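The first residue in the sequence is number 1, and the count goes up from there. Because the structure is a prediction, the values reported are computed rather than measured.
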Amino acid sequence: MTKPLNQQLEALPTTIFTVMSALAREHNAINLGQGFPDTEGPQDIVQTAVNALLDGQNQYAPLTGLPELRQAVAESNRRFQGLNINPDTEVVVTSGATEALAASLMALIEPGDEVVLIEPLYDTYLPVVLQLGGVPRLVRLEHPDWTLPRQALADAFSARTKAILLNTPMNPTGKVFTHDELSFIAGLLREHDAYALCDEVYEHLTFGAKHISLMTLPGMRERCIRIGSAGKSFSMTGWKVGYVTAPAPVASVIAKAHQNLVFATAPNLQRAVAAGLRKDTGYFTQIAADFAGKRDLLSDGLRKLGLDVLPCHGSYFVIADISPLARGEDDMTFAKTLTIEAGVATIPASAFYSQLNGTPPAHLLRFAFCKQEQVLRDALSRIETWQKQR
């Protein structure tokens, strides 16, 4: 008899992204499920990466990243958040933000440590916490306005709390946490002597709301780990270049975890991302404006079709209440129906909740608007046509 494999990993279901993307391909549907842009990022950055492949510097990069990228990350922290970061001791370059999250959690968590997670949440957070032996304490935002339930959050903290995992701007809700909300969280961290792992990959994609890094608040500089992503900032999701900003003692342990996962990230991509981070501020303003226009196009169109669109102030995504159109179907059933019959794929929002915290809401869908405007118009047209034929 064969010995069992890792039971936690073996028990993980096929991801909803794989399921819905396969269904989209089968039915030739427009895929508004997975969050990746359908246009290339800045060509000058691509050309920098191409040039860097050809100049004989293709061996291992330093463990913590090329000095020029670490310096660019420090400069970006200063320019956009007013943070003074030591590029030599407080920055670690990773193979994407997902690896940054895993390495950071490895650095923080020992078996039995409690980690506060806010639902709905990005799908890798909970499995990694559990795999490391962490104990999740789940708190749900209250929709339709994605209100932070402060008493529930306070109750989730205890003397055993090691960290909170905070995602702002937030996937999948599009919520951007306010200064007042961040101040409340900072107070809990001070009270319980805990860390914050801050997933800020959408830091440059906010609409009508200012992104504030928790690290900038009083007393938070030594408690926060801040994660950024070139994939999101430059629409190059396939490059998988992330970067961690953390106080030196924490960064050194994250680097050790990173060493055991991948050791180093492609040097030509690092050099290109360094150039990208040094682009003028106008680039970052424009990319946010472009995505805001796409958010408005999709949101307005969905409202005209009768859906209730929830607030979105950042990220690639909007969530809509399907109750007016679903005829009693839950989000998974309706998402499949919409893919098969209307030719538009989405993600049921229940996939971003855990049964460990009770029954998830079953009337919400996540739509990705990081697509060409004509693709969004075509998706809306398909739904409208399908509606009329029902």
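Lys232 has no carboxylate O lying under 4.0 Å from a charged side-chain N of Asp199, or vice versa, which leaves the two without a salt bridge. Using a cutoff of 4.0 Å between basic side-chain nitrogens and carboxylate oxygens, Glu90 and Arg221 are scored as salt-bridged.
When hydrophobic clusters are built by joining Ile, Leu, Val, Met, Phe, Trp and Tyr residues whose side-chain heavy atoms come closer than 4.5 Å, directly or via intermediates, Leu188 is grouped together with Leu214. Under a hydrophobic-cluster definition in which Ile, Leu, Val, Met, Phe, Trp and Tyr are linked whenever side-chain heavy atoms come within less than 4.5 Å, directly or via other members, Phe177 and Phe207 are assigned to different clusters. Residues Val250 and Val129 are members of one and the same hydrophobic cluster, defined by side-chain heavy-atom contacts under 4.5 angstrom among Ile, Leu, Val, Met, Phe, Trp and Tyr. Under the 4.5 Å side-chain contact rule for hydrophobic residues, Phe317 and Ile383 share a cluster.
Counted by atom type alone, Thr333 and Asp330 present one or more donor-acceptor pairs between their side chains at under 3.5 Å. A donor and an acceptor atom, one from each side chain of Asp145 and Thr147, are nowhere located under 3.5 Å apart. Side chains of Ser21 and Asn31: a donor-acceptor N/O pair is present below 3.5 angstrom, by distance only. Judged by distance alone, the side chains of Gln47 and Asn51 do bring a donor and an acceptor atom under 3.5 Å apart. Side chains of Ser213 and Thr216: no donor on one and acceptor on the other come within 3.5 Å.
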Q.
Determine whether Phe157 and Leu189 satisfy the following criterion, side-chain contact (heavy atoms from CB on, under 4.5 Å), listing intermediate values before the conclusion.
A. CA-CA 9 Å; Phe157 277 76; Leu189 295 175; 4.0 Å; yes
Q. So Asp180 and Arg150, salt bridge (charged side-chain N to carboxylate O under 4.0 Å, His left out) or not? Walk me through it.
A. CA-CA 11 Å; Asp180 187 53; Arg150 300 193 183 199; 2.6 Å; yes
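Ring geometry for Tyr122 versus Tyr125: interplanar angle over 60°, hence perpendicular rather than tilted (30 to 60°).
With values rounded to the nearest 0.5 angstrom, Asn357 atom CG is found 10.5 Å from Arg137 atom CZ. From Ile85, atom CD1 reaches atom CG of Leu83 across 5.0 Å, with rounding to the nearest 0.5 Å.
The one candidate from Val244, Ile254, Thr64 that meets the side-chain contact (heavy atoms from CB on, under 4.5 Å) condition with Thr94 is Val244. When the options Phe36, Phe369, Phe367, Tyr202 are evaluated for a ring pair (Phe, Tyr, Trp, His ring centres under 6.0 Å) with Tyr316, the one that passes is Tyr202.
Counted within 6.0 Å of CD on Gln7, heavy atoms from surrounding residues, nucleotides or ligands total 12 or fewer; the atom is thus considered open. No more than 12 heavy atoms of other residues, nucleotides or ligands shown are found within 6.0 angstrom of CD on Gln59. Within a 6.0 Å sphere centred on CD of Glu110, other residues, nucleotides and ligands contribute 12 heavy atoms or fewer. The environment of Lys336 atom NZ is sparse: at most 12 non-hydrogen atoms of other residues, nucleotides or ligands sit within 6.0 angstrom.
Aromatic ring centroids of Tyr283 and His204 lie 6.0 Å or more apart.
Cluster partners of Val135 are absent, since no Ile, Leu, Val, Met, Phe, Trp or Tyr has side-chain heavy atoms less than 4.5 Å from it.
Contact of the Leu277 side chain with the Val73 side chain is registered, since non-hydrogen atoms from C-beta on lie closer than 4.5 Å.
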